[in-house]
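One-based numbering along the sequence shown.
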Amino acid sequence: MSNLTPIGIIAAKDMRDALQDRFILIVTGFLGLAAAVALVTGAIALRGDLATYAAAKATLLSIGKSVDAIKAPEFYPLRLLRGAIEQIEIIGAAIAILIGYRAAASERGRQTLALILTRPLRNWQFVAGKMLAGLAVLAVGLAGVLAGLALLLHLTSGVGLGGDDLLRIGLVWAVALIYTACFFLLGFVLTLHMRQPSHALLAGFAVWLLLVLIAPQIGDTLDPDNQVAGGVFAQLHIAKPDQTEIMKRFASFESLRNGIEAGSVTKHFERFSFAILGIKPIYTGMAIAPILTEMFANLVWILLTALGLVSLALALPLNPNRLAKA
């Protein structure tokens, strides 16, 4: 411990405290359970489809016909992670706010924050140590959830996962870490600087409600294609050139709808994850490199959001006397 920097000492202490907090462990376990339930339901259906194809293939072979008589279906097991992504978007973000709240409120509640800041420790080192610990907790929790889901998917779907599949899951883990870090930082900054920690928690969840639930839902609701299975144009059998002409007349409406969605970091995370995992049909079977190129703007938005909050956390001055009164 003596060889650690001040940032490392603060981070190590906070990580120990977080891992001893049963509430954090329980809510993380709940996230994994909720995602697993959504995954298993789809995996059972996929295994049924696989069994149906195998039975049809066996029947053809038994009567002396070629299996070329039926087209071999393509199975994409990563699509079954849709429920997990949605759980991370909603529950994962909420857990991150709670972890950020705990990181700041723990010192305030024990009246030790003012004492810590009297030590030979710069304010930014204290904040950086707390943030590093929070990111580590999020990283471990998300890794555990996604690794467990990958194993469960491999065992229950009947379709094995290859190296490319694992790489895609790894990319989603990395971006999910940055995404949840945004909400951790939100909860941490608010709790560290607002006079009442309880008010900070309420403010954090108000922002969560706006960014995670309201803005994406408004964007989805205003999209006509989401109201009809397969899309309005597909159901009405409207040709592609005609679709383009129709959409030109609704350019202002579409800009407003897309602007509402683009204001939410949650929507950017969803777009990236759905593309990488092939959940959105147009990206199914597409190589990773072109997807990353197309999703680059979404990645930048998520990263800049996180970096902006990191900068804010490091730049805001701490007032130990005021915080000690919490």
What's the spacing between [X] [atom1] and [Y] [atom2] if we round to 0.5 Å?
{"X": "I90", "Y": "I95", "atom1": "CD1", "atom2": "CD1", "value": "12.0 Å"}
{"X": "L81", "Y": "Q87", "atom1": "CG", "atom2": "CD", "value": "12.0 Å"}
{"X": "L161", "Y": "L153", "atom1": "CG", "atom2": "CG", "value": "5.0 Å"}
{"X": "R22", "Y": "L25", "atom1": "CZ", "atom2": "CG", "value": "9.0 Å"}
{"X": "I302", "Y": "M295", "atom1": "CD1", "atom2": "CE", "value": "10.5 Å"}
{"X": "I10", "Y": "K130", "atom1": "CD1", "atom2": "NZ", "value": "7.0 Å"}

**side chain to side chain contact (heavy atoms under 4.5 Å, CB included) assessment of T305 paired with H268** = CA-CA 11 Å; T305 302; H268 291 284; over 6 Å; no
Are [X] and [Y] in one and the same hydrophobic cluster, where Ile, Leu, Val, Met, Phe, Trp and Tyr link if side-chain heavy atoms are under 4.5 Å apart?
{"X": "L209", "Y": "V27", "value": "yes"}
{"X": "V140", "Y": "I99", "value": "no"}
{"X": "W208", "Y": "F23", "value": "yes"}
{"X": "L171", "Y": "L135", "value": "no"}

**V127 and L192: CA distance, side-chain angles, deciding distance, side chain to side chain contact (heavy atoms under 4.5 Å, CB included) verdict** = CA-CA 9 Å; V127 172; L192 201 57; 4.1 Å; yes
What are the two closest non-hydrogen atoms of [X] and [Y], and how far apart are they?
{"X": "D14", "Y": "A103", "answer": "OD2-CB, 3.7 Å"}
{"X": "H193", "Y": "P317", "answer": "CE1-O, 3.4 Å"}
{"X": "R168", "Y": "L78", "answer": "CD-CD1, 3.7 Å"}
{"X": "M194", "Y": "A200", "answer": "SD-CA, 3.5 Å"}
{"X": "G141", "Y": "T28", "answer": "CA-CG2, 4.2 Å"}
{"X": "F205", "Y": "I97", "answer": "CE1-CG2, 4.1 Å"}

**Complete:** Residues at least two apart in sequence or cross-chain that pass side chain to side chain contact (heavy atoms under 4.5 Å, CB included) with L151, listed by chain then number, are L155
**Item:** Residues in side chain to side chain contact (heavy atoms under 4.5 Å, CB included) contact with L304, at least two apart in sequence or another chain
**Value:** V300
Would you tabulate the side-chain donor-acceptor contacts of residues 273-293 under 3.5 Å, counting partners in other chains and residues two or more places apart, or write 'none'?
unit_1	atom_1	unit_2	atom_2	d
S273	OG	F269	O	3.0
Y283	OH	E294	OE2	2.6
T284	OG1	R79	NE	3.4
T284	OG1	R79	NH2	2.6
T284	OG1	G278	O	2.9
T284	OG1	P281	O	3.3
T293	OG1	A289	O	3.1

Atom pairs and distances, donor-acceptor, side-chain atoms in residues 174-188, under 3.5 Å, two or more places apart:
unit_1	atom_1	unit_2	atom_2	d
Y179	OH	E89	O	2.7
Y179	OH	T266	OG1	2.8
T180	OG1	A176	O	2.9
T180	OG1	L177	O	3.2

**Message:** I'd like to know if the side chain of D165 and the backbone of G162 have a donor-acceptor N/O pair within less than 3.5 Å.
**Reply:** yes
**Message:** Donor-acceptor pair, distance only, cut-off 3.5 Å: does the side chain of W173 make one with the backbone of A139?
**Reply:** yes
**Request:** List the steps and the verdict of side chain to side chain contact (heavy atoms under 4.5 Å, CB included) for L314 and M131.
**Result:** CA-CA 10 Å; L314 293 173; M131 290 192 297; 3.6 Å; yes
**Asked** Taking the hydrophobic residues Ile, Leu, Val, Met, Phe, Trp and Tyr, and joining any pair whose side-chain heavy atoms are under 4.5 Å apart, which ones share a cluster with L202?
**Response** none
Considering only distance and modelled atom types, tabulate donor-acceptor pairs under 3.5 Å from the side chains of residues 29-40, sequence neighbours left out.
none

**Criterion side chain to side chain contact (heavy atoms under 4.5 Å, CB included) on V172 and I88, from CA distance to verdict** = CA-CA 11 Å; V172 169; I88 291 173; 5.7 Å; no
